[in-house]
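Quick notes on the structure that follows.
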Amino acid sequence: MATALENIEEKKGLNFIEEAIAADIEAGKVKNSPTQVVHTRFPPEPNGYLHIGHAKAICMDFGAARKFGGKCNLRFDDTNPSKEDTEYVDAIQEDIHWLGFDWEDRKYYASDYFQQLWDLAEEMIKRGLAYVDELSAEEIAAQKGTPTTPGQESPYRNRPVEESLDLFRRMNKGEFAEGTKTLRAKIDMANPNMHFRDPIMYRIIDHPHHRTGTKWHAYPMYDFAHGQSDFFEGITHSICTLEFEVHRPLYNYFAKVLADIKGTTYVPRQIEFNRLNMTYTMMSKRKLLACVKEGLVRGWDDPRMPTLCGLRRRGYTSDSIHSFIDTIGYTKYDGMISIKLLEHAVREDLNKHALRVMGVVDPVKLTITNYPEGKVEMMEMENNPEEPEAGTHKMPFSRELYIEREDFQEVAEKKFFRLTIDKEVRLKSAYIIKCTGVVKDENGTITEILCTYDPDSKSGMPGADRKVKGTLHWVSRKEAVPVEVRLYDNLFTVEDPSADERDFRELLNPQSEVVLPCAYLEPWAAEQARKRVGASHISTENRYYQFQRIGYFCVDYDTTEDHIVFNRTVLLRDSK
RNA sequence: UGCCCCAUGGUGUAAUGGUAGCACAUCAGAUUUUGGUUCUGCUUGACUGGGUUCGAGUCCCGGUGGGGCAACCA
């Protein structure tokens with residue numbers, strides 16, 4: 001049988017966590033664990049939707065298991081019924097699958113372990129390692145001390161074991177009000193690590209639990225649930241973010257207690273990495289929830305949200321998320337990642353796969369005065385120059401077209417090489433045209449551009465080989481399909497919204513979503529988009545397009561047979 | 001004024017005591033029927049002071065700077 005280590009093609013390229021795991025394998029620690037393979041877990045709290053930061057954790061947890069031939073469990077960390085809900089449970093599973101990971105038959109809940117946790121707590125009381133406290137939250141906070149001053153012991157700290165046991169059992173019968181009693185670990189009120197100052201293990205919560213209903217009235221705290229759940233599942237490596245670093249000694253303390261009671265030497269190991277911070281983005285679930293609840297965005301899956309469902313709706317592919325995560329890496333340095341890196345990742349992926357179409361977002365009419373009225377030619381266009389096998393499609397060309405308003409300047413600035421009076425420009429996949437004049441309305445706004453075309457310059461003909469400085473995209477006015485286009489930009493106007501002293505609502509970018517109700521799209525693309533009606537949000541068929549020379553766009557879920565909606569995922573790189 | 005952690009170009013990340021490399025960004029050029037893509041090139045880096053060593057980005061000590069810890073949240 002191959003050892004787990006041999007499953008790694010190359011030991012190089014491992015990040016520091018994977019190196020630690022490899023070392024544990026080598027040291028025989030993994031073999032000593034219950035399942036004898038590298039066993040990780042992804043432990044979301046079902047109190048919100050997953051965001052790009054969670055994707056980083058998911059790739060770590062599931063990725064490490066995959067890399068070492070081990071397993072990764074999905075475990076919902078549902079120890080606080082007042083915040084959690086099943087709505088989130090379903091969404092979380094969909095997002096993990098979207099990223100290409102699967103927990104097989106290992107979907108667990110911390111609430112699966114409520115009984116085991118309870119029994120463990122009772123055992124700890126019996127061993128004199130825990131006691132029921134009757135101080136209020138304020139009192140506990142007051143006697144906890146501060147990071148620089150030691151705390152004081154609770155007057156209930158040394159009460160008889162039987163008394164604590166009796167009170168603890170009654171805490172769970174609904175006999176006491178919320179906040180009146182807690183179970184505390186008896187450790188050390190003067191410890192320099194605040195987490196050792198008799199941490200609360202259980203508190204009373206009178207709120208039905210999404211899975212256990214009203215069976216329990218006392219619920220375990222994170223510190224007394226997480227590591228223990230890891231232990232029950234035989235987790236070898238419990239990987240989490242840096243803010244849990246100071247919890248690790250307590251994690252180890254509780255693990256040792258449990259191992260002693262069980263009479264084993266196996267204990268799970270917690271390792272921490274830096275969480276993802278990204279410019280112009282906020283990861284706080286609380287604030288993200290506020291954006292949703294206050295209607296500041298279209299919902300959890302608003303294309304501006306950093307949530308996985310939001311990014312998906314925006315047009316980000318699962319592959320692009322993976323490549324982004326790969327490039328940012330895992331370290332213990334708490335830095336800030338530029339959102340440009342994410343955009344680069346999606347451009348790189350979409351460049352390879354998105355179908356090229358013509359869409360005019362801000363149209364102005366263009367008339368080719370020497371082109372026959374009523375004539376329509378079907379021009380052939382490559383679906384994807386990066387992928388010739390993707391084939392071609394046809395689009396109609398006629399006397400009256402729309403081009404992009406910004407592609408014309410009456411008086412061209414120095415580096416402008418698009419359309420201007422008396423100059424030639426190429427209409428992509430069609431003819432070379434020359435501007436002869438413009439028509440303006442009473443306000444001086446251009447309403448029509450007049451051109452002539454060179455009949456010998458049709459794409460593919462020898463006359464088309466002439467060098468012209470610019471190439472424009474266009475659509476035929478009569479055949480073009482009006483579509484709604486939603487242009488997206490950063491949700492926030494400042495690089496680091498969470499560091500700003502202003503309320504995050506004041507930092508929202510008013511231009512983060514600009515809806516253009518009437519952009520024009522070539523008919524073939526509209527036809528493709530209609531195939532998306534009724535498609536699942538996860539499916540990728542016919543979803544991603546490049547509007548040539550503008551950016552990448554994807555069909556939005558709001559699309560119906562007669563109302564097509566596109567989201568702008570990201571602009572093309574622009575070296576103008 | 002306690003405890004824990006961190007420090008490599010503008011940003012992020014490699015190296016495992018032996019030539020500081022990669023990606024993104026930036027800038028310049030070539031190619032291009034997308035000002036896209038692709039290709040080429042340039043510029044820019046070890047927080048600081050000691051120590052160990054033939055040799056230190058890497059190990060040790062002291063500073064400095066940053067992050068975390070005082071929810072009955074996770």
Side-chain angles (χ1 to χ4, degrees), chain A residues 12-13 15 19 43-45 47 77-80 82-84 110 133 135-137 140-142 144-151 178-184 191-197 199-205 218-219 221-223 225-226 240-249 272 274 279 285-286 326-338 340-345 347-348 351-352 356 358 381-382 385-386 415-418 425-430 432 457 459-460 464-473 546-552 571-576:
Chain A
K12 266 195 177 293
N15 60 50
E19 278 177 7
E45 184 187 11
N47 68 342
D77 223 335
D78 56 351
T79 56
N80 187 351
S82 61
K83 291 189 175 176
E84 296 145 9
D133 200 356
L135 258 28
S136 68
I140 288 180
K144 197 144 201 165
T146 70
T148 52
T149 58
E178 271 187 31
T180 57
K181 285 176 182 51
T182 57
L183 181 72
R184 293 233 258 164
N191 199 290
N193 183 338
M194 297 293 290
H195 296 281
F196 274 116
R197 322 250 264 225
I200 292 169
M201 295 164 61
Y202 269 85
R203 78 292 211 194
I204 298 166
I205 299 176
Y219 292 90
M221 296 281 290
Y222 168 84
D223 283 312
H226 195 89
C240 60
T241 45
L242 250 25
E243 68 270 27
F244 292 102
E245 211 156 20
V246 283
H247 291 247
R248 187 176 357 118
E272 313 84 15
N274 60 340
T279 57
K285 273 202 219 174
R286 205 192 91 243
D326 280 349
T327 51
I328 64 173
Y330 297 85
T331 67
K332 300 187 78 163
Y333 179 73
D334 190 22
M336 173 76 75
I337 304 285
S338 170
K340 289 185 187 307
L341 226 52
L342 218 210
E343 295 175 344
H344 166 78
R347 279 196 198 100
E348 191 180 41
N351 175 53
K352 281 184 248 153
R356 270 56 170 182
M358 301 259 210
M381 239 192 43
E382 260 188 307
E386 303 297 313
K415 284 274 196 170
F416 185 82
F417 49 93
R418 286 165 277 167
V425 89
R426 188 191 301 276
L427 293 178
K428 186 165 171 67
S429 303
I432 293 170
S457 67
S459 214
D465 291 342
R466 204 159 78 235
K467 282 274 177 232
V468 280
K469 55 181 176 179
T471 301
L472 306 188
H473 63 279
Q546 185 197 95
F547 288 11
Q548 297 208 77
R549 302 209 310 125
I550 305 179
Y552 294 100
L571 284 161
L572 245 36
R573 229 179 110 229
D574 187 1
S575 49
K576 271 201 277 276

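Note on naming: letters A, B, ... go to the chains in the order of the sequence lines (proteins, then strands), and numbering restarts at 1 for each one.
Rounded to whole Å, the separation between the P atoms of B:A25 and B:A7 comes to 26 Å. Straight-line distance between the P atoms of B:A46 and B:C54: roughly 27 Å, to the nearest whole Å. One P atom belongs to B:U31, the other to B:G12, and the distance between them is 37 Å to the nearest Å. B:C59 and B:U1: their C1' atoms are spaced 30 Å apart (whole Å). Nucleotides B:C24 and B:G45 are separated by 16 Å at their C1' atoms, to the nearest Å. The separation of B:C3 from B:A56, taken at their P atoms, amounts to 32 Å, rounded to a whole angstrom. Going from the C1' atom of B:A30 to that of B:U37 covers 14 Å, rounded to whole Å. To the nearest whole angstrom, the two C1' atoms, one in B:G21 and one in B:G9, are 12 Å apart.
Residues passing the ring-ring contact (aromatic ring centres under 6.0 Å, His included) test with A:F196: none are found, sequence neighbours excluded.
Checking B:A71, B:A70, B:U33 against the side-chain heavy atoms of A:T146 singles out B:A70 as nearest. The side chain of A:R549 approaches B:U34 more closely than any other nucleotide in the set B:A74, B:U33, B:U34. Taking every side-chain heavy atom of A:R573 into account, B:A25 is the closest of B:A70, B:A25, B:C72. Side-chain proximity of A:V246 to B:A25, B:U34, B:C69: nearest is B:C69. Residue A:F244 has its side chain nearest to B:A74 when only B:A74, B:C72, B:U33 are considered. Considering only the side chain of A:N351, B:U37 comes nearest among B:G2, B:U37, B:C72. Checking B:G35, B:A74, B:U33 against the side-chain heavy atoms of A:S575 singles out B:G35 as nearest.
When the C1' atom of B:A71 is taken as reference, atom NE2 of A:H195 falls 11 Å away, rounded to whole Å. In this structure, the CD1 atom of A:I200 is 11 Å from the P atom of B:A74, given to the nearest Å. As rounded to whole Å, 13 Å separates atom C1' of B:C69 from atom CD of A:E272. If you measure from atom NZ of A:K332 to atom C1' of B:C6, you get 8 Å, rounded to the nearest angstrom. Protein atom CZ of A:R347 is 18 Å distant from nucleotide atom P of B:U34, rounded to whole Å. Rounded to whole Å, atom P of B:G68 lies 12 Å from atom CD of A:E245.
In this structure, a donor-acceptor pair under 3.5 Å is absent between the side chains of A:T182 and A:D133.
Distances shown here put every side-chain N or O of A:T149 at or beyond 4.0 Å from the OP1 or OP2 atom of B:G2.
RNA chain B is contacted by both A:E243 and A:E84; A:E243 maps to the nucleotide lying nearer its 5′ end (nearest heavy atom per residue). Both A:Y330 and A:Q546 sit near RNA chain B, but only A:Y330 has its closest nucleotide nearer the 5' end.
For RNA chain B, if you chain together Watson-Crick or G-U pairs that step i with j, i+1 with j-1 and so on, the runs of at least three with distances under 3.5 Å are B:2-7 with B:64-69, B:10-13 with B:21-24, B:27-30 with B:38-41, B:47-51 with B:59-63.
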Let me see the working for A:M221 and A:T79 under side chain to side chain contact (heavy atoms under 4.5 Å, CB included), right down to the final yes or no. CA-CA 7 Å; A:M221 296 281 290; A:T79 56; over 6 Å; no
Please tabulate the protein-to-nucleotide N/O contacts below 3.5 Å involving nucleotides 7-12 of chain B, giving atom names and distances.
residue	atom	partner	partner atom	Å
B:U11	O2'	A:M336	O	3.4
B:G12	OP1	A:M336	N	3.3
B:G12	O2'	A:I328	O	3.2

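Residue-to-nucleotide contacts include no donor-acceptor pair under 3.5 Å from the side chain of A:T471 to the base of B:U34.
A:E272 has a carboxylate O that lies under 4.0 Å from a charged side-chain N of A:R248, or vice versa, which qualifies the two as a salt bridge.
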